[in-house]
Amino acid sequence: MIIPAKSNPILPVTIRVKDIESIVKWFDQHQRSFYALGWSYLCNQSNIEELFYRAILQVHKELPKFKSSTSFEMWVLSIYIYICRELSLDKSLQASEESDSHQEIFHELHQLKEKEREVLVLTYIKGLSKDETAQLLQVSAAQVKELLFSGLQSLRNGMGYVEHYNGCNEYQKLYVDYLERNLDRPAKIDLEMHIYHCQECQEDLAALQEVIVNFTEAIKKFSVPAGFMENVKERIAERESLNQQQKNKRKRNGFIAASIFVLAIFAGVFTGVFSKLYYTWTEENQELRAFLQEDVGERLNLEAESDGVKIKIKGAIADDVQTLIFYEIEDTNENNQFMINFNDGVFIEDEGEIMMANTYPRYLPPDIESDLNNKEKNIYHGKMSLRPLKEDTGTIKLKLNKVMKLKRDSSDSYVNMEPEEGEWNFEIPITKQPSTEYALNEKIELEGVPVRLDKLILAPTATILQYGINNEQPAKRLEMINFNDLEVNNKLLKADLYGNSYVHNQPDINWNIFQANFEPLFEKETNEVKVQFGSVYLSIEDHKTIKLDASKEFPQTFEYAGSTISIDKVEIGQPTTVIFSNHEIKNRTYESLHYFIETEQDENNSMEGDNEGVIVDKNGKEYDMNKITPKIYEEMEQPRHFFTVQSVKLHGNKVIPKSLDITGYNTTKYLDDVVEISVE
């Protein structure tokens with residue numbers, strides 16, 4: 001049977017260099033085996049979320065270097081294993097081992113040597129051949145055999161086998177190939193004849209076979225926690241979010257500025273009015289200016305230069321949500337613009353000791369459309385989000401060994417980047433600004449699903465609404481809420497389109513807790529808040545099984561959720577291909593399907609797929625899902641994503657599909673609900 005796919009898989013050949021969403025979908029399709037592989041190193045769900053997050057970003061970054069002559073999955077595995085090793089050595093990550101009855105086998109795996117564990121996991125979890133494992137781990141095939149045997153022996157000792165086995169050394173090296181039926185006939189006959197007469201080898205081989213059976217059975221029972229991949233997707237979506245367009249630059253007024261300095265000289269103090277006018281004249285970055293005018297954060301003038309690339313740290317604002325660093329990069333040699341990429345070349349000394357764990361910096365994409373960044377070709381103004389500080393004050397020792405050169409292309413909505421190495425070091429003094437929290441305790445229903453509005457957080461860098469979604473109704477789950485805006489003190493705060501984040505502390509298993517981010521509000525007191533909902537993304541349970549028979553003529557159609565779906569192709573081969581479609585968009589209930597394919601082979605063959613689809617706005621206008629730009633998407637009114645064609649490839653030796661099993665579907669509902677909450 002094929003492992004069920006919670007969301008639509010995507011074929012590697014469709015993964016585009018600039019489209020991180022397709023990589024996320026690929027990992028979603030392969031999440032079970034990759035999760036198990038990650039667990040063999042980390043044994044902690046939050047750390048594996050971090051592993052998936054880093055792996056997806058690294059695959060996206062390295063994708064232009066991928067060569068089609070290499071297996072895509074093997075290439076991804078090489079990146080994934082490198083990050084596994086890196087995280088397993090990271091002392092700043094939570095090191096506690098979580099307990100689960102299906103995951104006890106991994107406790108024993110952790111007692112093995114690293115290479116033994118890796119060979120066992122790649123062989124029995126990922127299903128790689130010895131040659132593939134050897135290539136991935138950069139050892140010989142003979143070493144892989146040795147490591148398999150020694151690893152199984154060690155695993156056997158750790159699984160409670162108390163007997164001592166003394167099989168013959170010259171035959172022990174043949175055990176694994178024999179059990180896997182890979183021995184050539186003469187060697188097989190020779191081993192069987194020896195075993196017939198050697199009691200010790202009989203017991204040795206039987207015990208080893210039992211270990212393999214128990215190990216593989218334990219792996220079959222292994223399951224990925226519900227909602228795991230959604231947490232990763234939310235982090236990726238947040239990282240890829242686009243900054244809202246900045247307001248038009250205020251005009252400088254030289255006369256007012258000169259007057260301000262005269263007033264300052266005579267007054268000898270900086271009043272609140274002076275502060276606003278002073279920064280209007282002296283700070284050209286509008287966002288940083290707003291913080292400084294409200295006396296939030298520090299204005300800095302830290303500078304470091306390497307190979308003609310000069311970096312200035314201009315300001316820092318810290319609170320319980322994040323630490324924002326505003327910077328300016330100047331290319332003193334040529335007309336290039338550079339930005340800092342938090343995930344590449346950024347290091348913070350003693351980060352685990354001075355910054356909060358279980359929080360993730362927000363991704364801030366390059367803002368190349370702002371007036372400020374179009375003013376000079378060799379200067380870029382940017383900001384970087386770091387984790388919040390643990391203490392109220394501290395010094396961030398920031399080390400950079402790489403910046404990213406921005407490559408503009410007017411015909412492309414994306415920004416290409418290439419690394420530029422150097423060395424820039426800063427010591428940034430920080431004082432954390434206080435936040436104000438209000439308990440809301442408001443309960444409502446959206447599309448029949450209970451929702452709690454728990455908390456309003458007014459922080460200097462963001463306004464946050466914390467809410468919970470009840471998950472006790474499996475037939476109808478509310479996966480995500482999108483907000484239009486938040487009204488606080490008669491001020492409308494726009495929602496960050498990609499600002500939903502999962503809260504790691506989940507005190508009630510019946511509720512999933514999230515936070516939605518809005519524009520910052522510098523006021524700390526309020527007595528009323530209005531919440532304007534935008535849309536909800538629902539997962540509906542609706543089972544249907546459709547028999548598949550490659551010998552019949554196609555297309556064949558069936559009815560599901562009020563729509564007619566066509567099975568266009570079932571072709572047995574290497575790989576086997578199944579294609580089904582529905583091009584009728586108007587009045588269609590579902591947007592995407594949850595499904596898996598049952599096969600006649602009782603084995604975990606891999607499944608890959610490709611999607612075609614359209615995005616449809618409120619007026620029914622269709623956009624190609626693969627060609628739409630983020631800017632166009634932001635301007636669309638009530639967009640919905642519909643998949644039209646889904647092609648699935650079942651890898652293996654002529655895998656025969658028995659049925660297409662649909663378990664449910666996703667759909668988006670747009671809302672106009674407004675909730676007014678009194679705050680005490």
Side-chain angles (χ1 to χ4, degrees), residues 30-52 54-55 73-91 93-161 165 172-173 175-177 179-180 207-224 604:
H30 296 77
Q31 63 173 287
R32 183 182 181 275
S33 61
F34 276 84
Y35 188 95
L37 177 57
W39 196 277
S40 71
Y41 286 85
L42 303 172
C43 279
N44 181 285
Q45 182 178 335
S46 63
N47 291 348
I48 299 176
E49 287 181 17
E50 179 69 13
L51 167 61
F52 267 62
R54 293 192 190 184
E73 185 169 5
M74 287 287 288
W75 179 73
V76 172
L77 271 171
S78 66
I79 294 173
Y80 191 83
I81 289 175
Y82 177 83
I83 299 174
C84 281
R85 292 170 176 170
E86 187 177 56
L87 288 179
S88 66
L89 298 174
D90 189 347
K91 296 180 180 179
L93 292 177
Q94 182 179 349
S96 62
E97 186 172 314
E98 297 174 359
S99 175
D100 190 294
S101 59
H102 290 169
Q103 297 159 353
E104 291 175 356
I105 188 67
F106 289 95
H107 174 75
E108 302 302 332
L109 278 174
H110 266 260
Q111 313 309 312
L112 307 186
K113 296 176 181 177
E114 181 179 78
K115 279 288 192 288
E116 289 179 347
R117 182 175 72 246
E118 289 177 338
V119 166
L120 286 178
V121 168
L122 292 173
T123 301
Y124 295 111
I125 294 180
K126 288 301 297 176
L128 300 188
S129 68
K130 292 182 181 64
D131 289 336
E132 289 173 330
T133 301
Q135 175 189 344
L136 199 59
L137 299 181
Q138 297 183 332
V139 298
S140 67
Q143 285 177 292
V144 169
K145 290 184 181 181
E146 293 172 3
L147 289 166
L148 264 180
F149 178 71
S150 64
L152 288 168
Q153 277 188 316
S154 301
L155 194 61
R156 178 177 65 189
N157 296 337
M159 291 173 67
Y161 291 81
Y165 302 99
Q172 283 181 329
K173 63 184 180 182
Y175 286 174
V176 174
D177 281 339
L179 293 173
E180 293 178 352
L208 202 70
Q209 183 177 23
E210 186 177 354
V211 169
I212 294 175
V213 170
N214 290 340
F215 181 54
T216 53
E217 287 298 319
I219 295 303
K220 285 182 182 178
K221 295 177 182 178
F222 183 89
S223 60
V224 179
N604 293 330

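Residue numbers start at 1 and run along the sequence shown.
Using a 4.5 Å heavy-atom cutoff, the side chains of Leu87 and Arg54 are in contact. Between Glu118 and Leu147 the shortest side-chain heavy-atom distance does not fall below 4.5 Å. Counting heavy atoms from C-beta outward, Val144 and Leu122 have side chains that stay 4.5 Å or more apart. Looking at heavy atoms from C-beta onward, Leu148 lies in side-chain contact with Leu120 at the 4.5 angstrom threshold.
Note: Ile48 CD1 to Glu50 CD = 12.0 Å, rounded to the nearest 0.5 Å. To the nearest 0.5 Å, the span separating CG on Leu42 from CD1 on Ile83 amounts to 11.0 Å. In this structure, CG in Leu137 is found 9.0 Å from CD in Glu114, a value given to the nearest 0.5 Å.
Taking each heavy atom of Gln31 and Val224 in turn, the nearest pair found is OE1-CG1, 3.3 Å. Scanning both residues, Cys84 and Leu51, for their nearest heavy atoms gives SG-CD2, 3.6 Å. When all heavy atoms are compared, the tightest approach of Tyr80 to Tyr35 is OH-N, 4.2 Å. The nearest pair of heavy atoms linking Ala141 to Ala134 is N-CB, 3.8 Å. Here the shortest heavy-atom pairing between Leu136 and Ile81 reads CD2-CD1, 3.5 Å. Across all their heavy atoms, Ser33 and Lys126 have their closest contact at OG-NZ, 2.9 Å.
A donor-acceptor pair shorter than 3.5 Å cannot be found between the side chains of Tyr175 and Gln209.
Considering only residues two or more places apart in sequence or on other chains, Lys145 meets the side chain to side chain contact (heavy atoms under 4.5 Å, CB included) condition with Lys130, Asp177.
With Tyr41 as the aromatic partner, Arg117 meets the cation-pi criteria of under 6.0 angstrom to the ring centre and within 45 degrees of the ring axis.
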